[in-house]
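Data block below; observations after.
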Amino acid sequence: MKIEQLYTNCLAEAAYFIEDNGECAIIDPLRETQPYIERIEASGTKLKFIFETHFHADFVSGHVDLAAKTNATIVYGPGATTAYEVVNATDGQEFKVGRLTIKALHTPGHTLESTCWLLSDENGKPYCIFTGDTLFIGDVGRPDLAIKSDLTQNDLAGMMYDSLRNKIMPLADDIIVYPAHGAGSSCGKNMSKETFDTLGNQKQVNYALRPQLTKEQFIAELTDGILPAPQYFAKNAALNKNGYNNIDAVLANAHRSLTVEQFKSEMDKGALVLDVRHQSEFGKGFIPGSAFFGLDGTFAMWVGTLVEDLNAPLLLVCPQGREEEAVTRLARVGYDNVIGVLEGSFAAWQSTGEPTDTITTLMTDDFATQYRENQLNVLDVRKPGEFEAGHLPDAQNKPLDFFLSESGTIDTNKTYHIHCAGGYRSMIYASLLRRMGVKNLYDIDGGFGKIKTTGLPVTEGVHA
């Protein structure tokens, strides 16, 4: 028996590869299929099943393409209606992978079809459970992504309470919990940085598994403070349910290298330029109108949150050698329409004498001096919970998460000093403001982490 967790940091997502006695299974694969094909071939096994824990909203799964390439069977839990062929497991149904047994435990709550997969070893002893977005390490899944006209998030939270207590908590303490996500995912509120744990320890430390917790208390705690789901979630869930473009075709079509003149021509037709270099490079010089989404951060999540049209034509300015990575990560969240990459990256644009733009990065000590001497318009673009934990007294909390709905509150004639926790989100925010026409912008180097070292006052628990 071999169980391998395949963790992808940029999406905080875990897929799983299981093999035994010449057969294998994959749980919740990412969209690109080649890494799984290579793993299957290296193991010398046959892919028998692709198990899905639910219709994922935060990424496009690779189940459809992978099944087409391997003839494996896609298995969902009860009630998962799809536009392609699957097996809908009944609650308690068992599947054999080599000498292993994988049992469906229907656990509605995060979504109605959510199902955990309980794996027992060759002796029939339950060994681990793949919990999808039902149970995370330190948290449980949000209950607001599968709302129907006759259901509320409170209804789904109540289902989650019953699923946890009737299906998962009665299991043995030594069972290993393998969730679909870790810290950084928007599918829960307080996930741990750890990516697996024993069920017994989770019963001790996970707030949602407290034995004395009533259903009413659970619903209140689970639904308190849920941020609105990113706009791409519903669109990705629909792709996972109805099917999507073949990933090999998407990757092949996106590898078009464009000269500066070709790049400009596509810009003139309305394509959106995504500059995916490091924030420090972007600030020093970029193509006017570009949006910054750096590959060295949670790139795909922020593109999905802030670029509304999945089919928008996209142009990329990439670090040399990372073009395929950028295209692949966009495809993971359903952005398939990359029409070209700037040949020679930003240096090629500069060499032609084309116009460029910059965003000034202000060193933290210089910012602190200005803050003490002047009344500045400080935008703190961290999440509300981060802001409440500590912030500059006069800062306005303008979370990057809410940019699409709150950008209308920005006065384009003002000067803004922008910071996040470390410098990544603030540069995204600054680039989007520049696209709106805000000319006077300062990005604070190192964000709130460095601001706290300057001796400036920090206020806790006060909303701006």
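What you see is a predicted model, and the numbers here were worked out from it, not measured in a lab.
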Take V381 and I428, measure what side-chain contact (heavy atoms from CB on, under 4.5 Å) needs, and give me the verdict at the end.
CA-CA 10 Å; V381 302; I428 296 176; over 6 Å; no

Mind checking whether F51 and W117 have parallel, tilted or perpendicular rings, split at 30° and 60°?
tilted

Under 30°, 30 to 60°, or over 60°: which ring-plane class applies to F448 and H419, parallel, tilted or perpendicular?
parallel

Expected output: side-chain [X] to main-chain [Y] donor-acceptor under 3.5 Å:
X: N337; Y: N311; value: yes
X: S163; Y: P108; value: yes
X: E323; Y: V341; value: no
X: H110; Y: P143; value: no
X: H181; Y: A12; value: yes
X: T259; Y: Q262; value: yes
X: N240; Y: F59; value: yes
X: D20; Y: M1; value: yes

Basic-acidic side-chain contact under 4.0 Å: R435, D357
no

How close do L135 and P179 get, heavy atom to heavy atom, and via which atoms?
O-CB, 3.4 Å

Scanning both residues in full, the closest heavy-atom pair of Y36 with L6 reads CE2-CD1, 3.7 Å

Less than 3.5 Å apart, any donor N or O on the side chain of [X] or [Y] sitting next to an acceptor on the other?
X: T111; Y: E113; answer: yes
X: T33; Y: K69; answer: yes
X: T101; Y: K96; answer: yes
X: D268; Y: S265; answer: no
X: T53; Y: D28; answer: yes
X: D58; Y: Y232; answer: no

Centroid-to-centroid, Y178 to Y16, below 6.0 Å?
yes

Could you tell me which residues satisfy ring pair (Phe, Tyr, Trp, His ring centres under 6.0 Å) with Y429, sequence neighbours excluded, listed by chain and number?
F403

Are any non-hydrogen side-chain atoms of T82 and F55 less than 4.5 angstrom apart?
yes

From the list H56, R332, H54, E52, side-chain hydrogen bond (donor to acceptor under 3.5 Å, both in side chains) partner of S61 resolves to E52

Ring pair (Phe, Tyr, Trp, His ring centres under 6.0 Å), paired with Y424, selected from F293, F282, F292:
F292

